[in-house]
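All ligand and atom numbering here is 1-based and tracks the order in the structure. The first residue in the sequence is number 1, and the count goes up from there.
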Amino acid sequence: MSRKVAILGGLGNGAVVAAAIEHARRLGATDLEVAGFLNDRAEVGEYIDMFPVIGRLEDTKRLLDEGYWFINTILRIDGNRERIAMFEALNIPDDRLASFVHPMAYVAPSVQLGVGTIVMPNVSMSPGTKLGKGSIMMVGAMMGHDNEVGEFCHIAAQAAVGSYLNIGKGVHIGLNATVRENLTIGDYATLGMGSVLTKNIGNNEIWAGNPAKFLRYAN
Ligand SMILES: CC(C)(COP(=O)(O)OP(=O)(O)OC[C@H]1O[C@@H](n2cnc3c(N)ncnc32)[C@H](O)[C@@H]1OP(=O)(O)O)[C@@H](O)C(=O)NCCC(=O)NCCS
C-alpha cells in the first residue's frame, strides 16, 4: 500500500521533489504517492506542475490525523533560520517525516540518512557520511565520505562536496559549488553558486567566489 505524502512548499523545490517522487513511483521504486502541496502563498486547488495545493501549513494537524506523511521543501538560500523555525513550529513527529531516495542515486551502504531527507537522481554519497534530518541533496550533487551534515541543509544541484567536513544546521551549498575537505561550515551559512571553498565558514555567513570570500551575513 502506498503512503500519501504532503509536500510543504510548491513552486521551485517542492515541484521538483514531487516530480522525482512521481518518477520513482512510476518505476515502482517508492511506496510514496504525492497527494499535493501545503502552501500558504497559493490558492487551495491550484496546480503547481503536476500536483494540486491541498491546504495551508496549518492543515498539517488535520492531515496528520488523516494518516499523511510529510516532506519539507521550504527553504531560503541566503539564511534559512526563520523558515526552519516555521517548519519546526508545526511539530510534525519524526515518524511521519518521509525520506526519499531516488532509484538513480548512489548512496553507500554506511551512509546514515536522517528522517525527512531527500536524495535526488544522479546524487552520489560516499561512505561514512551522516545527512541530518530534513536535508536535501539536489540533482547530481556529490557528497564525499565521513561528513557530518546537520539538519535542514540544502546541497544544490551539481555541488561537489569534499570529505571529513562538519556542516552545521540550515546550510545552503550553492549550485555547482566545490568544497575542499576537512572544513567546517557554520549553522545557517551559505556558499554561493559556482564557488570554491577553501576555508571555514562561520555561523550565518555568506561566502562566494573562487576562492570563496566572505560576502555578508545572512539577513
Ligand atoms: C551568494 C548569493 C546568495 C549572494 O546573493 P546576493 O547577496 O543577492 O548577492 P548579489 O547578487 O547582490 O552580489 C553581490 C556581489 O557578489 C557577487 N557574487 C554573488 N554571487 C556570487 C557567486 N556565487 N560567485 C561569485 N561572486 C558572486 C556579485 O557579482 C556581486 O559582486 P559586485 O559587488 O562586485 O557586483 C547568491 O549570488 C548565490 O550564489 N545564491 C545561490 C544560488 C543557488 O545555489 N541556487 C540554487 C537554486 S536551488
Side-chain angles (χ1 to χ4, degrees), residues 7-23 34 37-39 41-42 48-51 71-84 86-87 99-102 104-105 116-125 131-144 147 149-162 165 167-180 183-219:
I7 296 188
L8 281 65
L11 269 186
N13 257 10
V16 168
V17 169
I21 294 173
E22 175 60 15
H23 181 241
V34 177
F37 302 106
L38 296 180
N39 190 314
R41 293 185 175 176
I48 300 174
D49 192 38
M50 300 176 69
F51 297 100
I71 282 177
N72 181 36
T73 65
I74 299 174
L75 79 132
R76 229 186 109 100
I77 284 171
D78 55 342
N80 212 7
R81 185 193 291 268
E82 281 171 24
R83 297 281 171 95
I84 293 170
M86 185 178 81
F87 173 76
S99 295
F100 169 69
V101 178
H102 191 276
M104 285 160 58
T117 45
I118 305 293
V119 179
M120 294 287 278
N122 296 333
V123 161
S124 165
M125 297 187 72
L131 188 67
K133 169 178 170 175
S135 287
I136 304 183
M137 296 282 300
M138 286 307 276
V139 176
M142 277 184 6
M143 174 65 69
N147 291 331
V149 184
E151 298 181 350
F152 304 108
C153 289
H154 186 255
I155 315 299
Q158 302 284 0
V161 176
L165 298 164
I167 298 178
K169 178 175 181 175
V171 169
H172 174 80
I173 297 191
L175 215 51
N176 202 33
T178 303
V179 179
R180 177 184 178 161
L183 297 177
T184 296
I185 301 181
D187 295 343
Y188 311 108
T190 295
L191 178 63
M193 58 197 168
S195 301
V196 175
L197 186 68
T198 58
K199 297 191 171 149
N200 296 332
I201 302 186
N203 293 348
N204 301 308
E205 292 178 2
I206 298 180
W207 285 50
N210 178 8
K213 307 261 189 234
F214 175 77
L215 196 62
R216 62 177 173 87
Y217 285 100
N219 292 321

Determine if the distance from atom 33 (O) of ligand 1 to the closest protein heavy atom is below 4.0 Å. no
Is the shortest heavy-atom distance from the side chain of Arg76 to the side chain of Asn219 under 4.5 Å? yes
Got a protein heavy atom sitting under 4.0 Å from atom 16 (O) of ligand 1? yes
Quick check on atom 44 (O) of ligand 1 - does any protein heavy atom sit closer than 4.0 Å to it? yes
Protein contact for atom 23 (N) of ligand 1 (heavy atom, distance under 4.0 Å): yes
What protein heavy atom lies closest to atom 39 (O) of ligand 1? Include the residue and the distance to one decimal. Met193 N, 2.8 Å
Protein non-hydrogen atom found under 4.0 Å from atom 4 (C) of ligand 1: yes
What are the atoms of ligand 1, with element, lying closer than 4.0 Å to any heavy atom of Gly174? 44 (O)
Have a look at ligand 1 and work out which part of Leu215, if any, has a heavy atom under 4.0 Å from it: side chain, backbone, both or neither. side chain
Please say whether Arg216 places an N or O atom under 3.5 Å from an N or O atom belonging to ligand 1. yes
Judged by heavy atoms only, the candidate from Arg76, His154, Gln158 nearest atom 48 (S) of ligand 1 is His154
May I ask you to decide if the ring planes of His102 and His23 are parallel, tilted or perpendicular, using 30° and 60° as cut-offs? parallel
For a 4.5 angstrom cut-off between non-hydrogen side-chain atoms, does Leu75 reach Arg83? no
Under the 4.0 Å line, does any protein heavy atom show up next to atom 36 (C) of ligand 1? no
Quick one, Leu197 and Ile185 - any side-chain contact, counting heavy atoms below 4.5 Å? yes
Does His154 reach the side chain of Asn80, with side-chain heavy atoms less than 4.5 Å apart? no
Short N/O distance, under 3.5 Å, between Ile77 and ligand 1? no
Of the listed options Ser195, Gly192, Gly209, closest to atom 1 (C) of ligand 1 (non-hydrogen atoms): Gly192
Does any non-hydrogen side-chain atom of Ile21 lie less than 4.5 Å from one of Ile71? yes
Specify whether the nearest protein heavy atom to atom 13 (O) of ligand 1 is under 4.0 angstrom away. no
Please report which non-hydrogen protein atom sits nearest to atom 21 (C) of ligand 1, along with the residue it belongs to and the distance in Å to one decimal place. Ala208 CB, 3.7 Å
Side chains of Tyr188 and Val171: closer than 4.5 Å at any heavy-atom pair? no
Does Arg216 come within less than 4.0 Å of Asp78, counting only side-chain N to carboxylate O? yes
Would you check if the side chain of Asn200 reaches a backbone N or O of Thr184 as a donor-acceptor pair within less than 3.5 Å? yes
Which pair of non-hydrogen atoms, one from Ala212 and one from Ser195, has the smallest distance, and what is that distance? CB-CB, 4.2 Å
Backbone or side-chain N or O of Trp207 under 3.5 Å from ligand 1 N or O: no
